[in-house]
Amino acid sequence: MNDKYLSPYDASASESTIYDMWEQSGYFNPDAMIRDGLTKEDAAPFSIVLPPPNVTGQLHLGHAFEDATQDAIIRYRRMKGFRTLWVPGTDHAAIATQAKFEKEHYKKEKKSRHDYDRNDFFDMTLDFGRAHQSTILGQLKKMGASLDWSRLAFTLDEARQHAVYTAFKKMYDAELIYQKDRIVNWDVKGQTTVSDDEVLREEREATMYTFKYSDDFPFPIASTRPETKLGDTAVAVHPDDTRYQQYIGNEYSFTFAGADVTVKIIADEHVDSEFGVGALGVTPAHSMIDSEIAERHDLPSVQVINEYGKMIIGNDDIKNTKAAVARETVAQWLRDNNLMVSEEKIIQNVGIAERTGGVIEPLPKLQWWINVNKSFDYPHDSLTGIEKGQSVTLKELMLHVVENEEVSIVPERFEKTYRHWITNLRDWNISRQIIFGHQIPVWYKDGEDMKVSETSPGYGWVQDTDTLDTWFSSGLWSFSTLGWPNTEAEDFKTYHPTNLLNPGYEILPLWVSRMILMSTFLVGDIPFKEVHIHGMLRDKQGRKFSKSLNNGIDPLEVIEQYGTDALRMALTIGVTPGQDMSFDLQKVKAYRKFANKLWNITRFVLTETDKQHEVYEGSFSKRDVEILNHFSERTKELTKEMDENKLYLVAEKLYHYTWHTFADEILEESKAIFENGNDSEILSRKKLLRHILKNICIMLHPFMPFITEEIWQDLKNNNDRDILMTVSWPQL
RNA sequence: GGGCGAUUAGCUCAGUUGGCUAGAGCAGUUCGUUUACACCGAAAAGGUCAGGGGUUCGAGUCCCUUAUCGCCCACCA
C-alpha cells in the first residue's frame, strides 16, 4: 500500500496534480475521447455551454456553485458514454467592464475615457478584461471543471464578432432591427442608455405637488416632477370621468416658469380617475407612459432635460440647472404665483442604473431597437409547431418554444415568470453610448443611405459610434461558440441545440429569453432543451453576499483549507433547483471529513486486499450476493436520479451508503470474516470490497472528482481504464 | 397594485405521482474505542410538518383560508 494513506487526506497536495493529468490527457475534448476509443463514434452528443462569467473580477461562490453542478452533470454524461462537450468562455460585459476599468484607471491615472482616443481606450479596457479572464480560467480549473479548453470563447473575440455582425445584418434585413427616436432609460451618470432590465427601483421620499399650470387653466394636476411640466403637451383624463368631460378637446396656451406651453385635454383609458386629481399632465419627452399616450393621440413632444440632466428650457433661474434643483425652483415659482394647491410627502420608486447607481432620466434618443412585436414570415422549417413562411413575432417565438415544452424549465414555476415577463416585453433597446463592446455595424456617408456591413463599405464611410448591448452577443452564446454562422461547422451540427443551461433565476429575462429569441430566429431551433435553474447563495444568516455587507467568501480560500471536493459536495447536497441556499462553512467541514472517511476506507481495503483478489473466480458467499444485489439496486436508483439531474439526492445517498453501509456495516463485518471465516468467504469478501469501492469511486466521481481519481490510480486493475474520468458508469 | 416562493428536529435543508412508525447533515446527550479512520464508533434524545377548515380509506404532500418572512414584476402621474 502507498504510504500516503497513513496520513489523513490532504486535498491541496493532490488536486493540482490530478487536474494537470486530466488536462494533459486531452480528454476534456470529446474528439480525443472518440479518437482513443473511450467514447463510441456514433455516441449521442451531450453539450452544455458555460454561462460566461463577466471579465470584471474574480469568481465568487455563486460561480463555484454553478461550476460544481455543471461539472457533475458533464462528468456523469461523459462516463455514461455520451459525446460530451462543455464549452468554456467569458463575457466582455460591456458597460460593467468599462465602468469598472474607468473607475480603477481614474484612481490611478486621473484620466477618464474622454482623455483617450476611442481605439486606445478600447484596447486598454480589453487588456483589463483579459487580465481578469486569465484569473477566472485559473479558478475554473481549481474547481475541477472539465471544460474543453481547446474551444475557449470570448464574447468579444473575432469569431464571436463575426457572429454578432451576421446576426445584426440578418435581423436588420428582416426589419426586426430598426432605428428610432424614442424614450430611453438614460443613465446620466454613465452617459448611456440602459435596457429596461438594467434599471433597478429604489424607494425614495418625494413630494407630490398639486398645482395649476396657470390662473386660466380650469383645474389642477398633480406631479412629483413639476420641472418636467415645462414639456407638457396634453392633459389626459379618463373618458368616463364626469368632472372633466366639458374640457375634452380644448387647448390651453400659457407661460409656465418661463416656457411657452400648449396643452390639449385628451381622454385616455390609461388614466386612473381614482388617483390624485384624476388628471395627468402628459410629458411625452420624459415619461415612457406619457410617450405611449402621446403616440396614441399624435401629440408633439418637447424635450426639457438634456443628457447631462440639465434643463434646456425655462426662465433664467431654471435653464441650465440640474433637474433636481429645477424641481424646487419650479415649486417655488408655483407658490409665488399662487398656483400651488397642495404639497404632500410620498414614497415613490425611482429608477436607478444597475451598473453605475445613477438616477435614470427618461428622455428621447435616437437608438437601435429590436422589434419584438412585428410580424414576419418565419424563415426556417426546423422548429416544431411553426412552419416556414408562417407569420410570427419574436415574442410569439419566445413563448411558443416554452409553452410547447421544447424548452423545459426546471423548476416549472419559473415558466410562469418567464411567460409573464415575455408577455409584457417591450422593444429591446440594443444600442449603448459606450466604447467597450461590439460597435454597431452600420455605416454612414453624406448623401448616401446607411449601410449595414461588417467592414467599411469604402472611402468616406463612417461607422456608427454606438456599441451593442452586451446581451446581444451573449444571446448568441449557445451557437456562436459552436461555429455559427457557418451552419456546416462540425460542432454546430453536432452539439446544437445544447442539452442544458444552468443559470440563476435572476438572469432568466436578461439572458435565457434573449438566447431563445436569437436562436429561434437566427438558427431556427431552440438553444437548449432544458433550463435547470439554480437559486442564489446566501450567507449563514440568509443574506445576499454583497460588497457592502462584506460577507463575501472567496471560493479559493475555502478550497485551500478544505479541498475542492468538500466544497463541491457542500454546494450540491441539500440544494434543490431554483431554491436559494444559505452557505455555511460547517457544511464544507463535514464533507472534508467525508473525504477523509473515504480515504481511510481505501486504506483499509488496500491493506486487506490486492489486485489478485479481483480476479478470484469462486462464487460470492450468500451474504455477499445479498450485499451486491442491494448495491446494484441502489446503483439503478442513483442512475435514474442522475438522469433527472437530481444531484442533491444522489450525492447525499452516496454519502450515506459509503459511510453508513459500506464502512459501518460491510467493513466492520469484514473484520470478523477475515479473522474467523473460511477461505472462500474471505476471498469472496475481498473481491466484494474492491468491487464496491471501485463503483463508489465511479459514482462519486462527478461530485468529488479529485479524491476519487486519486484513489482510482491505486485501485485500478490492468484491464481498467487509466483515468477514472473516462471510466464507464456502471451498466445495469 | 399584480405574481411567485418559503414556513418540517436547536440550526441548514430533503421528502419525486397522496401510502409503513416523517428523514439527512451539523450542533447537543450518554457510553465506548486508539492496528482503516478522534476528520472515529455505538446508543438514545429531539417534530401537533406555521394556524384553521375541506377532499380522501389514508394528507407534510391536493383544495380553500389566515398569519409571518422573502423574492420578482409594475414610472399611481
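Chain letters run A, B, ... following the sequence lines, proteins first and then strands; every chain starts at 1.
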Applying side-chain contact (heavy atoms from CB on, under 4.5 Å) to Glu665(A) and not counting sequence neighbours gives Thr661(A)
Residue matched to G60(B) through Watson-Crick or wobble contacts both under 3.5 angstrom | none
Examine C40(B): is either OP1 or OP2 under 4.0 Å from a nitrogen or oxygen in the side chain of Trp659(A)? Give yes or no.
-> no
In numerical order, the residues of residues 636-655 of chain A whose heavy atoms come under 4.0 Å of RNA chain B are Lys646(A), Tyr648(A), Leu649(A), Glu652(A), Tyr655(A)
So, is Ser582(A) close to the C13(B) phosphate, meaning a side-chain N or O under 4.0 Å from OP1 or OP2?
-> yes
Contacts under 3.5 Å, N or O only, protein and nucleotides 73-77 of chain B:
from, atom 1, to, atom 2, distance (Å)
A74(B), N6, Asn349(A), ND2, 3.3
C75(B), N3, Met288(A), N, 3.3
C75(B), N4, Met288(A), N, 2.5
A77(B), O2', Ala222(A), O, 3.3
A77(B), N6, Asp272(A), O, 2.6
A77(B), N6, Phe275(A), O, 3.4
A77(B), N1, Asp272(A), N, 3.3

Measure across Asn502(A) and Pro51(A) and return the closest heavy-atom pair with its distance rounded to 0.1 Å.
-> O-CG, 4.0 Å
Arg690(A) bridged to Asp610(A) by N-O distance under 4.0 Å = no
Side-chain N or O of Thr607(A) closer than 4.0 Å to phosphate OP1/OP2 of A36(B) | no
Write down the partner of U55(B) under the Watson-Crick or G-U wobble criteria, each distance required to be under 3.5 Å.
-> none
Using the C1' atom in both, what is the distance from G60(B) to U48(B), to the nearest Å?
-> 12 Å
Could you tell me which nucleotide pairs with U21(B) by Watson-Crick or G-U wobble geometry, both distances under 3.5 Å, or answer none if nothing does?
-> none
Reckon Lys587(A) touches a base, only the sugar-phosphate, or nothing at all at heavy-atom distances under 4.0 Å?
-> nothing
On RNA chain B, nearest-nucleotide positions of Ala663(A) versus Met581(A): which is more 5'?
-> Met581(A)
Indicate yes or no for a side-chain donor-acceptor contact from Arg685(A) to the backbone of Glu669(A) under 3.5 Å, with no hydrogens or angles considered.
-> no
CA sep, side-chain torsions, deciding dist, call: His297(A), Asp268(A), side chain to side chain donor-acceptor pair (under 3.5 Å) | CA-CA 9 Å; His297(A) 297 271; Asp268(A) 195 285; 2.7 Å; yes
Answer with base, sugar-phosphate or nothing: what part of the nucleic acid does Thr576(A) contact at a heavy-atom distance below 4.0 Å?
-> sugar-phosphate
Which value, in whole Å, describes the distance between the P atoms of nucleotides G18(B) and U56(B)?
-> 16 Å
Just do the ring-ring contact (aromatic ring centres under 6.0 Å, His included) check on Phe583(A) and Phe65(A) with the steps written out, would you?
-> CA-CA 10 Å; Phe583(A) 182 84; Phe65(A) 178 31; 9.5 Å; no
Let me know the distance between CZ of Phe414(A) and P of A6(B), rounded to the nearest Å.
-> 10 Å
In whole angstroms, how far is the C1' atom of G5(B) from the CD atom of Glu506(A)?
-> 15 Å
Interatomic distance where CE belongs to Met536(A) and P belongs to A6(B) [whole Å] = 16 Å
Give a yes/no verdict on a cation-pi contact between Lys180(A) and Trp369(A), requiring under 6.0 Å between NZ or CZ and the six-membered ring centre and an angle within 45° of the axis.
-> no
Calculate the interatomic distance between Leu6(A) atom CG and U35(B) atom P; express it in whole Å.
-> 13 Å
Integer angstrom distance from the P of U61(B) to that of C20(B) = 14 Å
Determine the Euclidean distance between corresponding C1' atoms of G70(B) and A24(B); express it in Å to zero decimal places.
-> 25 Å
Using atom C1' of each nucleotide, how far apart are U68(B) and G51(B) to the nearest Å?
-> 11 Å
Using the P atom in both, what is the distance from U55(B) to U30(B), to the nearest Å?
-> 49 Å
Return the nucleotide paired to C31(B): Watson-Crick means purine N1 to pyrimidine N3 with N6-O4 or O6-N4, wobble means G-U with N1-O2 and O6-N3, both under 3.5 Å.
-> G41(B)
Has Lys264(A) got its NZ or CZ under 6.0 Å from the middle of the six-membered ring of Tyr252(A), at an angle within 45 degrees of the ring axis?
-> no
Expressed in whole Å, how much space separates the C1' atoms belonging to A22(B) and G41(B)?
-> 27 Å
Shortest side-chain distance from Lys416(A), nucleotide among C4(B), C39(B), A36(B) = C4(B)
Are any side-chain N or O atoms of Gln367(A) and backbone N or O atoms of Arg182(A), one a donor and one an acceptor, separated by less than 3.5 Å?
-> no
How long is the line joining CZ of Phe674(A) and P of A36(B), in whole Å?
-> 11 Å
Nearest heavy atoms of Met398(A) and Tyr418(A), plus distance in Å | O-OH, 2.8 Å
Determine: side-chain N/O of His660(A) to OP1/OP2 of G25(B), distance under 4.0 Å, yes or no.
-> yes
What is the pairing partner of G10(B), taking Watson-Crick or G-U wobble pairs with both distances under 3.5 Å in any strand?
-> C26(B)
Which whole number of Å gives the distance between the P atom of A27(B) and that of C11(B)?
-> 16 Å
Euclidean distance, atom CG of residue Leu667(A) to atom C1' of C37(B) [Å, nearest integer] | 10 Å
So, Glu403(A) and Arg419(A), do they make that salt bridge, N to O below 4.0 Å?
-> yes
Complementary nucleotide of A36(B), counting Watson-Crick and G-U pairs under 3.5 Å = none
Lys597(A) side chain near C40(B) phosphate (N/O to OP1/OP2, under 4.0 Å) | no
When every non-hydrogen atom of Glu269(A) is compared with those of His238(A), the smallest separation belongs to O-CD2, 3.5 Å
Rounded off to whole Å, could you give me the NZ-to-P distance for the Lys589(A) and G25(B) pair?
-> 18 Å
Interatomic distance where CD belongs to Glu668(A) and C1' belongs to G41(B) [whole Å] | 7 Å
base_contact_polar (A14(B) base, Gln579(A) side chain, donor-acceptor, <3.5 Å) = no
Would you sort out whether Asp10(A) and Ser12(A) count as a side chain to side chain donor-acceptor pair (under 3.5 Å), showing the intermediate values?
-> CA-CA 6 Å; Asp10(A) 179 6; Ser12(A) 60; 2.8 Å; yes
Does G5(B) pair with anything, Watson-Crick or G-U wobble, both distances under 3.5 Å, and if so, with which nucleotide?
-> C69(B)
Regarding the side chain of Ala590(A), the nearest nucleotide among C37(B), C26(B), C71(B) is C26(B)
So which nucleotide from C37(B), C39(B), C71(B) ends up closest to the side chain of Arg592(A)?
-> C39(B)
Look at the side chain of Pro8(A) and decide which nucleotide, out of A24(B), A36(B), C39(B), has an atom nearest to it.
-> C39(B)
